[in-house]
Every structure is written in structure tokens, then in C-alpha cells.
Amino acid sequence: MIARIAEAETECRLGEVEGLQVSMAGAEEKLSRLDRGHGQHTAVDLGIPTMR
């Protein structure tokens, strides 16, 4: 994504640069949330299936 941003900047496609930067910030935030939650798994009770 960094290479795509650099290419868009070189070719003066400023709208694309901004869109890519927003996407990259979102991806970085998501990765950060995943890293913070690492090792904090909790069990989820799915119940017992029943016959109808």
C-alpha cells in the first residue's frame, strides 16, 4: 500500500492518495486492535443443538 501511495503522489493523483491514506490508517488501527486482544480469548457458549 505504501508503494501505491508513493506512485499516486508521483503522478499527482491527490484524491487517490487521500483515499489510500485513509485505508492504510484503518488497516493499521485494525491490526493494533488485534495485537491488543492477543491472548485474551474467551469461550462462547453456543448451547446444545436440539431436534425439531
Side-chain angles (χ1 to χ4, degrees):
M1 186 166 287
I2 294 170
R4 289 181 62 195
I5 292 171
E7 178 185 353
E9 287 175 336
T10 300
E11 296 180 9
C12 297
R13 298 187 312 241
L14 302 180
E16 185 175 353
V17 170
E18 185 176 356
L20 289 169
Q21 288 173 336
V22 168
S23 295
M24 188 162 166
E28 288 172 343
E29 173 60 27
K30 189 169 193 175
L31 287 172
S32 176
R33 282 184 294 178
L34 288 171
D35 286 342
R36 285 191 304 252
H38 184 69
Q40 298 177 357
H41 303 285
T42 59
V44 176
D45 181 15
L46 298 177
I48 298 173
T50 58
M51 299 293 287
R52 293 184 188 201

L31 atom CG: more than 12 heavy-atom contacts under 6.0 Å: yes
Counting C-beta onward and ignoring hydrogens, is there a side-chain heavy-atom pair between L14 and E18 closer than 4.5 Å? no
Nearest heavy atoms of L20 and M1, plus distance in Å: O-SD, 3.7 Å
Nearest-0.5 Å distance, CG of residue L34 to CD of residue E29: 10.0 Å
Mind checking salt bridge (Lys or Arg N to Asp or Glu O under 4.0 Å) for E28 and listing every partner two or more places apart, or none if nothing turns up? none
Could you report the tightest heavy-atom contact between V17 and I5, atom names first, then the distance? CG2-O, 4.1 Å
What residues, two or more places apart in sequence or in another chain, satisfy side-chain contact (heavy atoms from CB on, under 4.5 Å) together with R13? E7, A8, E11, E16
